[in-house]
Amino acid sequence: MEEQNILDCIIVGSGPSGFTAAIYAARADLKPELYTGLEPGGQLTTTTEVDNFPGYANGVTGPEMMIDLQKQAERFDTKVHYEMITKTEFSNEVGGIHKLWAGKKELFAKTVIISTGATAKYLGLDDEKKYSGGGVSACATCDGFFYKGKDVIVVGGGDTAAEEATYLAKLCKHVTILVRKGEFRASKAMIHRVDNTENITVLFHHELIGIEGENSLVERAVVINNETNEESKIDVHGIFIAIGHKPNTDIFKDQLTTDENGYLVTDSKSTRTNFPGIFAAGDVQDHIYRQAITAAGSGCMAAMDAEKYLGELENKPKDYIEYN
Ligand code: NDP
């Protein structure tokens with residue numbers, strides 16, 4: 001392997017964390033190369049208005065923001081590849097060279113920043129796609145504002161559903177939670193909050209089976225009681241699917257430590273994984289905050305951690321490098 005083929009830093013993923021890592025890594029002269037994956041721009045490209053990212057006084061659309069972030073990363077000579085990383089073989093030695101594949105193309109790097117994000121789970125109904133952007137969302141913090149004073153539904157019975165419902169209850173006129181079982185999976189504390197919120201109604205044993213509305217705008221939810229098989233319709237403007245997220249870690253989980261839900265585990269207060277030179281940023285390692293701004297923040301941290309790691313390699317003999 002020739003030295004010139006070994007990159008200082010490869011970034012996998014193109015959401016706010018990946019591009020922010022690229023901006024910081026490029027400015028630190030790590031000459032990062034970023035692989036976008038199948039959905040360049042990540043989850044934000046599936047949202048409409050983003051009003052909570054600091055710096056956009058008049059708001060911005062998700063896709064526009066991602067184009068801006070990419071342009072900013074490219075301004076400092078980040079090389080962006082519209083390709084998918086399909087396989088990895090990380091070295092567990094300090095200073096070791098990590099190997100990645102983009103299809104048949106082999107890549108070598110001293111550091112890798114993983115920012116592959118997480119994907120919101122959907123029910124799999126055709127109507128979810130039809131009404132996406134017209135009232136169906138998987139993020140109350142992102143989209144709840146558009147349903148101020150209106151009636152909405154939340155689907156799910158876990159902590160996310162309970163949290164989204166109580167968040168929405170502060171903005172919306174009424175929130176109906178559809179729970180498919182006869183009980184919540186959410187923690188007692190969250191259930192308590194739901195029970196104590198006046199404008200939330202919980203329908204147990206209920207599932208969403210269809211959506212109706214003119215011009216691809218949600219007007220009604222079609223639901224079924226799975227005990228009685230009775231169908232009914234509920235007038236709503238927004239439907240929030242809160243049945244969990246899946247972190248995009250399939251190709252890493254044989255090597256890197258993940259938690260019980262598949263999220264990459266990072267060392268406290270840093271973005272270091274259990275392999276030296278491999279860092280994780282954004283939703284792939286954060287199931288709690290899941291915001292563009294927190295993802296961007298951890299992308300910045302990952303680039304700084306990578307720069308520090310490379311600096312220590314240059315300045316100290318291998319044995320002296322303090323790692324973990
Ligand atoms: P969970 O996997 O905990 O819950 C998913 C919920 O969605 C369950 O009630 C499940 O039903 C339901 N569901 C799944 N598939 C379907 C479907 N096809 N149709 C209808 N309902 C469905 O996911 P969460 O995102 O809620 O939580 C993930 C993790 O994050 C948990 O560990 C949670 O505790 C944590 N979390 C913590 C928070 C906090 O502490 N503030 C906030 C949010 C999450 P069923 O029970 O029938 O399987």
Side-chain angles (χ1 to χ4, degrees), residues 43 46-47 52 116-132 136-144 152-170 175-197 200-211 218 221-232 234 236 238-250 253 257-266 268 280 282-295 298:
Q43 288 180 78
T46 63
T47 64
N52 55 7
T116 46
T119 307
K121 290 184 196 162
Y122 283 88
L123 301 166
L125 302 173
D126 287 342
D127 283 348
E128 281 172 317
K129 288 194 199 108
K130 184 174 168 193
Y131 292 91
S132 132
V136 173
S137 165
C139 178
T141 326
C142 319
D143 298 329
V152 297
I153 273 182
V154 173
V155 180
D159 279 328
T160 302
E163 196 167 74
E164 304 243 305
T166 46
Y167 176 85
L168 289 165
K170 291 188 197 122
V175 181
T176 304
I177 308 181
L178 304 182
V179 183
R180 68 177 170 183
K181 285 192 183 141
E183 61 188 5
F184 275 108
R185 186 194 286 205
S187 58
K188 285 212 168 64
M190 292 303 294
I191 298 172
H192 187 71
R193 277 174 65 183
V194 167
D195 287 345
N196 283 291
T197 307
I200 296 181
T201 302
V202 183
L203 296 180
F204 290 108
H205 293 297
H206 275 73
E207 295 178 41
L208 180 75
I209 55 168
I211 301 167
V218 172
V222 185
V223 304
I224 188 166
N225 178 324
N226 58 26
E227 279 197 316
T228 61
N229 279 337
E230 198 182 317
E231 283 185 27
S232 55
I234 304 174
V236 283
I239 297 179
F240 290 84
I241 310 294
I243 60 170
H245 286 74
K246 184 182 180 300
N248 300 317
T249 51
D250 285 353
K253 66 184 177 200
T257 304
T258 54
D259 69 11
E260 68 277 12
N261 294 314
Y263 288 85
L264 294 181
V265 174
T266 49
S268 66
D283 288 13
V284 75
Q285 52 84 57
D286 168 28
H287 69 269
I288 298 173
Y289 299 103
R290 294 198 295 244
Q291 298 301 300
I293 186 64
T294 50
S298 78

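Order of listing sets the numbers, starting from 1, for every ligand and every atom in it. Only heavy atoms go into these numbers, but all of them, side chains included; no hydrogens, no water, no symmetry mates.
- Proximity of E207 to ligand 1 is not established, as no heavy-atom distance is less than 4.0 Å.
- Side-chain contact check for N248 and T116: no donor-acceptor pair (N or O, by modelled atom type) lies under 3.5 Å.
- Using a 4.5 Å cut-off on side-chain heavy atoms (C-beta onward), V136 and F240 make no contact.
- Counting only heavy atoms from C-beta outward, the side chains of I243 and V155 approach each other to under 4.5 Å.
- E230 and N225 form no side-chain donor-acceptor contact under 3.5 Å, judged by distance and modelled atom types alone.
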Report the C-alpha distance between T141 and N52 in whole Å, list the side-chain angles of each, state the deciding distance to 0.1 Å, and finish with yes or no for side-chain hydrogen bond (donor to acceptor under 3.5 Å, both in side chains). CA-CA 9 Å; T141 326; N52 55 7; over 6 Å; no
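- Atoms of ligand 1 found under 4.0 Å from any heavy atom of G157, numbered from 1 in the order shown, are 6 (C), 7 (O), 8 (C), 9 (O).
- At the top of the distance list for atom 46 (O) of ligand 1, counting protein heavy atoms only, stands R185 NE, 3.2 Å.
- Nearest to atom 23 (O) of ligand 1 among the protein's heavy atoms is G244 CA, 3.8 Å.
- By the 4.5 Å heavy-atom criterion applied to side chains, T176 and V236 are not counted as neighbours.
- Where the criterion is an N or O separation shorter than 3.5 Å, residue side chain and backbone included, G158 meets it with respect to ligand 1.
- Under the 4.0 Å distance rule, the nearest protein heavy atom to atom 5 (C) of ligand 1 falls inside the cut-off.
- Within the 3.5 Å criterion, the main-chain N or O of G262 finds a donor-acceptor partner in the side chain of T249.
- The two residues L123 and E128 have their closest heavy-atom pair at N-OE2, 2.8 Å.
- With hydrogens left out, the protein atom closest to atom 36 (N) of ligand 1 is D159 CB, 3.7 Å, a heavy atom.
- Closest to atom 19 (N) of ligand 1, if we only count protein heavy atoms, is L123 CD2, 3.3 Å.
- Without hydrogens or angle criteria, D283 side chain to P247 main chain gives no donor-acceptor distance under 3.5 Å.
- For ligand 1 and K181, the ligand atoms under 4.0 Å from any heavy atom of the residue are 45 (P), 46 (O), 47 (O), 48 (O).
- Counting protein heavy atoms under 4.0 angstrom from atom 40 (O) of ligand 1 gives zero.
- Residue R180 holds the heavy atom nearest to atom 14 (C) of ligand 1 of all those in E163, R180, K121.
- Considering all non-hydrogen atoms of both residues, A280 and V284 come closest at CB-CG1, 4.3 Å.
- Considering backbone and side-chain N/O of G156, none are found under 3.5 Å from N/O of ligand 1.
- In the candidate list T160, N261, V179, N261 is nearest to atom 32 (O) of ligand 1, counting heavy atoms.
- Contacts of I243 with ligand 1, taken as heavy-atom pairs under 4.0 Å, involve both backbone and side chain.
- Nearest non-hydrogen protein atom to atom 30 (O) of ligand 1 is H287 CD2, 3.5 Å.
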